[in-house]
Amino acid sequence: MAIILSPLPYAENALTPILSAATLQTHHGKHHRTYVDRTNSAIADTDLADQPLETIIAAARARSDTALLNNSAQTWNHGFYWHSLSPAGAPPQGDLAAAIEASFGSILALKVELATQGAAHFASGWVWLVARDGTLVVEQTHDAASYADLTGNPLLVIDLWEHAYYLDHRNVRPDYLKAIVTDHLNWDFAAENLARGTLWDYPSA
Ligand code: MN
């Protein structure tokens, strides 16, 4: 049972003009797919061949297998990222909205924090909304670091690698971030992750 390329939860053109179909075709169809393919090549005919992605990531960390860790963690990060985006983001509601207001003061303040930290992040990485001990925090990770490097349970993530925005926004990462946080985050997905309280499972076949 190989690791799958998790399907986009919306059409390739659903995020136009913020992220074009060409960006999603390349980012999902080529970048994400390559991470999946390299993970599957690395685990073929090993004790990890039939394991879920989260087990593969844990094993790669324990074994200091950098190539497998990078590819498996990037596979997971991208699956989580596609679900973190939404064509028409409804605002946060209920327990999630209350947690955001308690932790950041307002939903707008959280959006500003995500966009500010994401813009300031040096080189490639990810900016996350994380639930930790009953509060919410924004954290950054570098390169292929994943949920395993956070201090709590991830609720949302935004990809900060240039390949996420270059076709549509060139070098202007702040424009990409502003557009995403303004009304293209999937707060329903964040609410599900908050309510569950445990890690999201990468889709399997
Ligand atoms: Mn990416």
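Start at 1 and go down the list; that is how both ligands and their atoms are numbered.
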Worksheet item: Does one side chain, of T39 or N71, offer a donor that lies under 3.5 Å from an acceptor on the other?
Response: no
Fill in: Residues E139, R132: salt bridge by 4.0 Å N-O rule
yes
Discussion item. With respect to the Mn ion (ligand 1), please indicate if H78 possesses an N, O or S atom at a distance under 2.8 Å.
Written reply: yes
Discussion item. Within the 3.5 Å criterion, strictly below it, is a donor on E54 or W76 matched to an acceptor on the partner's side chain?
Written reply: yes
Discussion item. Given 3.5 Å as the limit, does a donor-acceptor pair link the side chain of Y202 with the main chain of I4, or not?
Written reply: yes
Worksheet entry | Metal-centred angle, the Mn ion (ligand 1) as apex - NE2 of H27, NE2 of H163, 10° resolution | 90°
Discussion item. Could you identify the N, O or S atom of D159 positioned closest to the Mn ion (ligand 1)?
Written reply: OD2
